[in-house]
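Report on the following structure.
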Protein chains: 2
Amino acid sequence: MPPEQKAGATVRPAVSPWDDIAERLHANGLRWTPQRRTLIEVLKEQQGHVTASELIASCKERDRTTTPSTVYRALDLLEELGLVRHGHGHDGREEYHVLPDQVHGHLYCVGCGTTWEIRPETGAVIVDALAAQLGFDVDLSHVTISGRCAGCHD
Amino acid sequence: MPPEQKAGATVRPAVSPWDDIAERLHANGLRWTPQRRTLIEVLKEQQGHVTASELIASCKERDRTTTPSTVYRALDLLEELGLVRHGHGHDGREEYHVLPDQVHGHLYCVGCGTTWEIRPETGAVIVDALAAQLGFDVDLSHVTISGRCAGCHD
DNA sequence: CAACGCGTTGCAACGACTCGCAATAGCCAT
DNA sequence: ATGGCTATTGCGAGTCGTTGCAACGCGTTG
């Protein structure tokens, strides 16, 4: 007896992108496991950036038997499905963010340690420059660019 | 009998930036140790990018007693002195390059795995864009930007 | 509803990097 | 030369992330 929620009269068609994951996994011969369910519950309530270890910690709160390698592998999978994106912070650690947000880049100030988001317009300049001059299709969301913010110049 | 090379008639004033390290260390109350000497010998013959573990391996070839933590600390020090620069590759691992080279950024193609250098002119566009729009002073050499090169578009 | 195949998990080991701490050893002074 | 101050080293422990492998269990088939 599948939960045919989509038939509910007042249910909006704007389902969260998470809602049909089970089906999407199935469609590819993949499985809907409790571990993945846990991770997705955690991801649903995330916003902004999260490090992998934060995610692992949150999963452990819900399921004490969570193991890191499983989470990492599940995240890889979700990334392939386009549901999350991972990048590296200024120190090389992994950071994830949920996709529904606008794709954006990050700026890290080595002076004050603040992380800034690169607005789409600004990002576009960078993407366009590399595209025009090298034919390179940049994935801005993957990196954190370092430097000094306006308030931290020498 | 100090090697007063600078007095040699035909010796150029263009000494390698490595030559006066011992003095520069001294000037800051730091010490000229065999471990640092080993690392610098290794660095001297490097060109392009090197990962920290490659450097450690090379140091071990010269001195089997080399310890990783010492190399990492020495590299930090040399970076403060402006002799090397470190950044993070697409996978977050550390990469070093010797400074005398033009400061440049890196591009990593997730399609073919190639790393490309961002030419200064191209880099300037990026740096200028962030400077103009956000007052942010970018250190392009620290990051590897990911994406797809011209030959690897879907 | 029991058997089965293969996608997944958990574990253990490993590699990259960091950090605290006690012992070592540069470098200057005597 | 000798001694001492303290920068540095080496080690051990710890974190983050990856990978190989054997056991497990999801989802399907008969």
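In what follows, every chain begins at residue 1, and chains take the letters A, B, ... in the order their sequences are listed.
For T67(A), counting side-chain heavy atoms from C-beta on, the closest listed nucleotide (dG10(C), dT9(D), dC16(D)) is dG10(C). Closest to the S69(B) side chain, of the nucleotides dC19(C), dG10(C), dT8(C), is dC19(C). Looking at the side chain of R31(A), the nearest of the listed nucleotides dT8(C), dC16(D), dG10(D) is dT8(C).
Side-chain atoms of T51(B) and E95(B) form no donor-acceptor pair, as typed in the model, at a separation below 3.5 Å.
Taking atom CD of E94(B) as the reference point, atom P of dC16(D) lies 16 Å away to the nearest angstrom. Computed from coordinates, the R24(A) CZ to dG27(D) P distance equals 17 Å when rounded to whole Å. The NE2 atom of H88(B) sits 13 Å away from the C1' atom of dC16(D) (whole-angstrom rounding). With rounding to whole Å, L25(B) atom CG is found 7 Å from dT8(D) atom P. Rounding to whole angstrom units, CG of residue L75(B) and P of dT9(D) are separated by 11 Å. The interatomic distance linking D91(A) (CG) with dA16(C) (P) rounds to 18 Å, in whole Å. Here dT9(C) presents its P atom at 11 Å from CG of D63(A), a figure rounded to the nearest Å. Separating the OH atom of Y96(B) from the P atom of dC17(C) is a distance of 8 Å, rounded to the nearest angstrom.
Taking for each of S53(B) and L30(B) the nucleotide of DNA chain C with the nearest heavy atom, the 5'-most of the two is the partner of S53(B). When each of P34(B) and R93(B) is assigned the nucleotide of DNA chain C with its nearest heavy atom, R93(B) is the one assigned upstream, toward the 5' end.
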- Task: Run the numbers on H97(A) and H86(A) for side chain to side chain contact (heavy atoms under 4.5 Å, CB included), then give the verdict.
- Result: CA-CA 6 Å; H97(A) 58 268; H86(A) 94 280; over 6 Å; no
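The CZ atom of R36(B) sits 8.0 Å away from the CG atom of L78(B) when rounded to the nearest 0.5 Å.
For R62(B), the CZ atom sits in a packed shell: over 12 heavy atoms of surrounding residues, nucleotides or ligands are nearer than 6.0 Å. The 12-atom threshold is exceeded at CH2 of W32(B), counting heavy atoms of other residues, nucleotides or ligands nearer than 6.0 Å.
On a pure distance criterion of 3.5 Å, a polar donor-acceptor pair joins the side chain of R73(B) and the base of dG20(C).
One finds no side-chain N or O of Y72(B) lying less than 4.0 angstrom from the OP1 or OP2 phosphate oxygen of dT18(C). An OP1 or OP2 oxygen of dG10(C) is reached within less than 4.0 angstrom by a side-chain nitrogen or oxygen of T70(A). Close to dG10(C), at under 4.0 Å from its OP1 or OP2, lies a side-chain N or O of Q35(A). Phosphate proximity of dT8(D) to R36(B): present, with a side-chain N or O under 4.0 Å from OP1 or OP2.
Among the heavy atoms of the strands lying under 4.0 Å from G29(A) are primed sugar atoms or P, OP1, OP2 only; no base atom is included. Heavy atoms of A52(B) sit under 4.0 angstrom from primed sugar atoms or phosphate atoms, though from no base atom.
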